Peer 1: 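Below is a structure I'd like to ask you about.
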Amino acid sequence: MMSLTVNIALSCLILLFTSSFEGAIPTAASKVPAIIVFGDSSVDSGNNNRISTVLKSNFRPYGRDFYGGRPTGRFSNGRIPPDFISEKFGLKPYVPAYLDPSYNVSDFATGVCFASAGTGFDNATSNVLFIIHRLPFMKHMDFHKSAMQNVIPLWKQVEYYKYYKETLKSYIGDKKSEYVIREALYIISLGTNDFLENYYSLSTNTRSRYSLDQYQDFLIDISERFVKQIYHLGARKISLTGLPPMGCLPLERATNLINGHGGGCMNGYNGVALRFNAKLNGLVARMNEEMEGIRVVFSDPYGVFLQMIRNPSSFGFEVSSVACCATGMFEMGYLCDELNPFTCRDADKYVFWDSFHPTQKTSRIIVDNLIQNSLHQFL
Ligand SMILES: *[C@@H]1O[C@H](CO)[C@@H](O)[C@H](O)[C@H]1NC(C)=O
Ligand SMILES: *[C@@H]1O[C@H](CO)[C@@H](O)[C@H](O)[C@H]1NC(C)=O
């Protein structure tokens, strides 16, 4: 009896010791040991802070509802979807940006973000002039060369991912790092910029080279090659995120208004999103059949997002047609200025934070919905 108790106590001690010794290193107990993110501003937690681009948000009022009221480079008043997903999976309540010098491999072992605001599936999207070409009065603003987006294209995010894998390996060893890479949940979210800032932009000639259907297939092909690439690097659990109802972004409504068509949603763009999402869903089904051991889900934010926009009050919002920041019609990035007297006080009343991005509250509702409809498979 005595020795059994001692034994149990001893093994508990050893367990305690090893688990505290391992600190942040993920254990086999968590089904998803890390969240790994690729994409655009819908999921960028601050990589653009470290590169030369005009597409930044590491200043107030961005982040005013984040921990410590800190602007991090997230295009939101607070947290963004991967942060909430990470929390739901019992990991950190945020996913740090790979290029943020305040984090290192011990943080990245449970979550890392390679996303870059402004990027797309199409290499060309990361070099187009963003929003500046859209609105007549903005053409006169002095942006010079810095107005070039120059953001991190998807292929380069994969290069960072390769460095990350190496660093992780030397930090926690071969076996554990293989485990993390294999069991991690990969969140992939991009595509809006390929349409709104590239295909439909007057500053590119993409539309003269591809029909809409061809361009969509071109992007689907890139996403397939991308998934295969990370699969060959070890990824198995993957969430491909669909497009939002992008014709209802306040910037699109404002453009509609300026062009004399009222301030409603651009229904054509919503149709483009629906069509693209259907193709992405088809790709997901095909990859699950063809690729050994992979589990890809299609995470579709479209439906719940549109419900929030159409019926804001049933979600506790007051406004969905304009954003919280400034006039709420066209400002984002540097145009979303702390001193602007029009910026709303309570972002929880708004579906959109700036003219292109949801508020923290909207992101939380979207994630709750995605967990219910697709991501629960990995919980
Ligand atoms: C990571 O950063 C923490 C805190 O800044 C530090 O204590 C730790 O030694 C660093 N770890 C590595 C592996 O560099
Ligand atoms: C994008 O650029 C990278 C690097 O130059 C290249 O390897 C890749 O094939 C390009 N992708 C497409 C679809 O052109």
Side-chain angles (χ1 to χ4, degrees), residues 20-27 33-34 36 38-40 45-47 49-51 53 67-68 70 72 91-116 118-128 148-177 180-181 188 190-195 197-199 204-233 240 276 279-280 283 287:
S20 66
F21 184 69
E22 291 194 347
I25 298 170
T27 61
I36 299 178
F38 295 94
D40 63 14
S45 55
N47 288 307
N49 303 350
R50 312 299 300 175
I51 61 174
T53 173
Y67 300 107
R70 202 159 51 86
T72 56
L91 300 166
K92 287 193 296 285
Y94 59 89
V95 180
Y98 183 63
L99 298 182
D100 187 332
S102 44
Y103 300 102
N104 64 29
V105 62
S106 76
D107 306 292
F108 298 147
T110 54
V112 61
C113 170
F114 302 103
S116 171
T119 207
F121 286 111
D122 184 351
N123 281 337
T125 301
S126 51
N127 289 315
V128 297
M148 291 300 286
Q149 255 179 272
N150 259 329
V151 299
I152 308 166
L154 193 56
W155 67 265
K156 196 158 179 195
Q157 295 183 23
V158 178
E159 295 302 305
Y160 286 137
Y161 171 64
K162 290 179 190 164
Y163 296 133
Y164 162 74
K165 273 186 65 181
E166 288 309 308
T167 319
L168 190 67
K169 197 156 115 181
S170 48
Y171 178 57
I172 55 177
D174 287 10
K175 262 218 147 99
K176 273 190 182 144
S177 69
V180 171
I181 292 298
I188 298 155
L190 68 170
T192 305
N193 299 315
D194 291 306
F195 293 102
E197 307 307 324
N198 181 344
Y199 191 76
T204 68
N205 65 353
T206 312
R207 227 179 337 166
S208 65
R209 298 197 292 132
Y210 299 92
S211 70
L212 176 61
D213 212 42
Q214 284 170 340
Y215 192 61
Q216 293 202 332
D217 291 343
F218 169 69
L219 302 182
I220 293 288
D221 188 56
I222 296 170
S223 58
E224 177 171 3
R225 275 192 276 152
F226 168 76
V227 170
K228 287 192 168 150
Q229 200 179 1
I230 61 170
Y231 172 83
H232 289 301
L233 290 166
L240 269 180
F276 185 76
K279 289 186 186 218
L280 208 53
L283 171 66
M287 288 193 298

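Order of appearance sets the numbers: ligands from 1, and atoms from 1 within every ligand. Predicted model, so just to flag it, every value in this text is computed and none were measured.
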Peer 1: Could you label the plane-to-plane angle of the Phe114 and Tyr164 rings as parallel, tilted or perpendicular, counting under 30° as parallel and over 60° as perpendicular?
Peer 2: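 Aromatic pair Phe114/Tyr164 classed perpendicular.
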
Peer 1: May I ask you to check whether Tyr163 and Tyr98 place their ring centers less than 6.0 Å from one another?
Peer 2: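 Not close enough - the centres of the two rings lie 6.0 Å or further apart.
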
Peer 1: Do Lys162 and Glu166 meet the salt-bridge criterion of a basic N to acidic O distance under 4.0 Å?
Peer 2: no

Peer 1: Between Glu159 and Lys156, does any NZ, NE, NH1 or NH2 come within less than 4.0 Å of an OD or OE carboxylate oxygen?
Peer 2: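 Result for this pair is no, no salt bridge flagged.
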
Peer 1: Show the atoms of ligand 1 that are less than 4.0 angstrom away from any heavy atom in Asn104.
Peer 2: 1 (C), 2 (O), 3 (C), 8 (C), 10 (C), 11 (N), 12 (C), 14 (O)

Peer 1: Flag the pair Gln157 / Ile230 as yes when at least one side-chain heavy-atom distance between them is below 4.5 Å, and no otherwise.
Peer 2: no

Peer 1: Which protein N or O atoms sit under 3.5 Å from any N or O of ligand 2? Give each pair with its distance.
Peer 2:
| unit_1 | atom_1 | unit_2 | atom_2 | d |
| --- | --- | --- | --- | --- |
| ligand 2 | 2 (O) | Asn123 | ND2 | 2.3 |
| ligand 2 | 11 (N) | Asn123 | ND2 | 3.0 |

Peer 1: Once ring pair (Phe, Tyr, Trp, His ring centres under 6.0 Å) is applied, do any residues pair with Phe226, and if so which ones, sequence neighbours excluded?
Peer 2: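 Applying ring pair (Phe, Tyr, Trp, His ring centres under 6.0 Å) to Phe226 gives Phe38.
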
